[in-house]
Amino acid sequence: MGTILFSAADHAHMAHALQLAARGLFTTTPNPRVGCVIVKDGRVVGEGWHERTGSPHAEIHALKAAGEAARGAIVYVTLEPCSHHGRTPPCAEALVNAGVARVVAAMRDPNPLVAGSGIDMLTLAGIAAETGLMEAEARALNPGFISRMTRQRPWLRLKTASTLDGKTALANGASQWITGEAARADVQTLRARACAILTGSGTVLADNPRMNVRDLDIGRQPLRVIVDSGLRTPADAAILPALVACHHADPAARAALEAAGAEVIELPGAEGRVDLAALLAVLAQRGVNELHVEAGATLNGALLAAGLVDEWVAYLAPMAVGDTARGLFAQPPLASLADAARFKLADVRQHGSDLRLTLLPA
């Protein structure tokens with residue numbers, strides 16, 4: 001099969017569908033962010049996006065808006081229409097029943113329950129079904145959903161805030177505030193798009209953070225998760241209720257945390273530490289697509305060493321505090337630069353006086 005040639009109009013309508021999909025950035029978890037546009041005789045007759053789990057999918061909203069005008073129309077959708085009965089009926093079936101003439105999907109659904117069967121259902125009904133238009137943009141909108149479906153683990157986004165010389169706090173622990181107000185507000189958008197926020201017990205003990213979404217009304221709070229090998233989290237910690245992963249649970253400590261609303265799970269790994277890969281698998285099973293990490297050097301270093309960092313968002317403040325201050329990653333000394341973890345720059349932008357670098361493993 002040759003390469004499909006999409007027209008300028010196809011691109012414009014798919015770009016519109018992607019903009020609609022992005023409206024669900026903070027709310028669709030654990031479902032993907034999806035947008036849909038229905039076009040008849042060059043005119044948009046219906047549009048919609050998936051707003052939250054359990055509510056109608058993007059195609060259903062768009063079909064309802066289009067009504068009878070959907071018959072013989074072209075449908076642009078950012079993800080292959082579903083073909084299975086979940087919380088809602090199959091969208092591919094609804095498109096067939098509406099009598100649309102053509103469906104253009106940005107990408108195939110990575111969900112094994114769909115994985116091409118939606119396109120097959122449309123094709124068998126005589127509908128021209130095509131995929132691959134603006135696929136890179138569609139994939140960028142749903143890294144977590146794709147990761148959970150294909151790797152059975154969330155997309156792990158590590159956030160750090162440091163000085164230009166790579167320090168997160170002074171030697172005495174003082175760190176408020178290294179970055180400015182604009183950068184801190186931007187961090188809230190990263191938290192808001194995440195399904196869960198992960199930190200370590202060291203951060204909980206040192207800072208007593210809430211690790212919640214503030215100043216953005218998204219109608220939910222991400223699951224809070226603490227890596228706490230020795231179950232040191234106090235029962236009155238501000239972050240609770242949370243999921244607490246430990247190596248081995250002391251019965252008294254477990255009881256105190258559970259009384260405070262925490263869920264404690266044992267995931268024993270090597271050297272008395274939590275098995276981080278196993279934790280990510282557990283989170284994926286619970287529907288976590290994007291996992292946002294704000295932690296100290298110990299957990300940051302462990303995640304990096306385990307090869308679990310998918311994206312690193314580094315905020316850099318234009319200051320230097322010297323080599324006695326605290327660093328970003330706790331790691332054993334490297335014998336050679338060839339052993340260093342390497343990243344490639346995906347995006348650079350400024351927030352107030354600070355820089356935000358988005359990096360991906362090289």
Side-chain angles (χ1 to χ4, degrees), residues 29-30 110 139-140 142-162 166 168 187 190-191 193-204 209 211 222-230 233 239 242-247 263-315 327-334 338-347 356-362:
T29 179
R139 294 181 72 87
N142 286 300
F145 182 74
I146 294 168
S147 177
R148 181 164 67 87
M149 290 296 155
T150 60
R151 304 188 301 173
Q152 291 74 54
R153 47 164 282 202
W155 178 267
L156 191 150
R157 181 179 291 113
L158 176 68
K159 168 260 169 182
T160 62
S162 70
T168 62
V187 171
L190 293 183
R191 288 185 182 183
R193 66 176 289 167
C195 308
I197 299 173
L198 176 72
T199 193
S201 57
T203 298
V204 172
M211 290 293 176
L223 170 70
R224 270 75 62 91
V225 186
I226 307 168
V227 174
D228 186 358
S229 298
T233 299
I239 196 172
L243 175 67
V244 184
C246 65
H247 181 275
E263 179 186 356
V264 178
I265 58 172
E266 294 185 11
L267 296 172
E271 299 175 354
R273 296 187 175 190
V274 171
D275 185 332
L276 296 173
L279 175 58
L280 264 58
V282 167
L283 293 175
Q285 290 163 7
R286 297 184 181 209
V288 173
N289 292 330
E290 293 184 21
L291 178 61
H292 175 88
V293 179
E294 292 187 33
T298 300
L299 183 52
N300 287 349
L303 290 167
L304 192 64
L308 297 174
V309 177
D310 297 307
E311 180 182 342
W312 176 15
V313 180
Y315 294 87
L328 287 166
F329 298 96
Q331 290 185 304
L334 300 180
D339 299 327
R342 294 187 180 272
F343 292 82
K344 57 186 178 184
L345 270 173
D347 183 72
R356 187 187 83 180
L357 310 183
T358 301
L359 305 113
L360 303 174

_Ala245 to Leu279 - nearest heavy-atom pair and separation_ = CB-CD1, 4.0 Å

*With Phe329, the side chain to side chain contact (heavy atoms under 4.5 Å, CB included) member among Leu304, Val309, Leu299, Thr298*: Leu304

*Hey, does the side chain of Thr203 reach the backbone of Gly296 with a donor-acceptor pair shorter than 3.5 angstrom?*
yes

*Which atom names give the shortest non-hydrogen contact between Ala295 and Gly200, and what distance separates them?*
CB-N, 4.2 Å

*Is there a donor-acceptor pair closer than 3.5 Å between any side-chain N or O of His247 and the backbone N or O of Gly230?*
no

*Search all heavy atoms of Arg153 against all heavy atoms of Ser147 and return the closest pair with its distance.*
O-OG, 2.6 Å

*asked:* Any non-hydrogen side-chain atom of Val288 less than 4.5 Å from a side-chain atom of Arg148?
replied: no

*Evaluate the side-chain proximity of Leu283 to Leu243: yes if any heavy-atom separation is below 4.5 Å, no if none is.*
yes

*Answer whether the closest heavy-atom distance between the side chains of Pro209 and Glu294 falls below 4.5 Å.*
no

_Is there a side-chain contact between Arg356 and Asp347 in this structure, where contact means two heavy atoms from C-beta onward sitting under 4.5 Å apart?_
yes

*Could you tell me the separation between the CG atom of Leu156 and the CH2 atom of Trp312, rounded to the nearest 0.5 Å?*
13.5 Å

*With a 4.5 Å limit on heavy-atom distance, are the side chains of His292 and Arg193 in contact?*
no

*Measure the CD-CG distance between Glu290 and Asp310 for me, rounded to the nearest 0.5 Å.*
10.5 Å

*Enter the distance from Met149:CE to Asn142:CG here, rounded to the nearest 0.5 Å.*
10.5 Å

*asked:* Is there a side-chain contact between Asn300 and Leu158 in this structure, where contact means two heavy atoms from C-beta onward sitting under 4.5 Å apart?
replied: yes

*Specify the closest pair of heavy atoms between Gly287 and Cys195, including all atoms of both residues, with the distance to one decimal.*
O-SG, 4.3 Å

*Would you indicate whether the side-chain heavy atoms of Pro154 and Leu280 approach each other to under 4.5 Å?*
yes

*asked:* Quick check: closest heavy atoms across Gly272 and Ser229, and the distance to 0.1 Å?
replied: O-CB, 3.5 Å

*Nearest 0.5 Å, what's the CG-OG1 distance between Asp228 and Thr199?*
10.5 Å

*Would you name the heavy atoms of Gly327 and Ala297 that are closest together and state the gap between them?*
O-CB, 3.6 Å

_Could you measure the distance from the CZ atom of Arg157 to the CG atom of Leu190? Nearest 0.5 Å is fine._
6.0 Å

*From Ile226 CD1 over to Thr233 OG1, what is the distance, rounded to the nearest 0.5 angstrom?*
4.0 Å

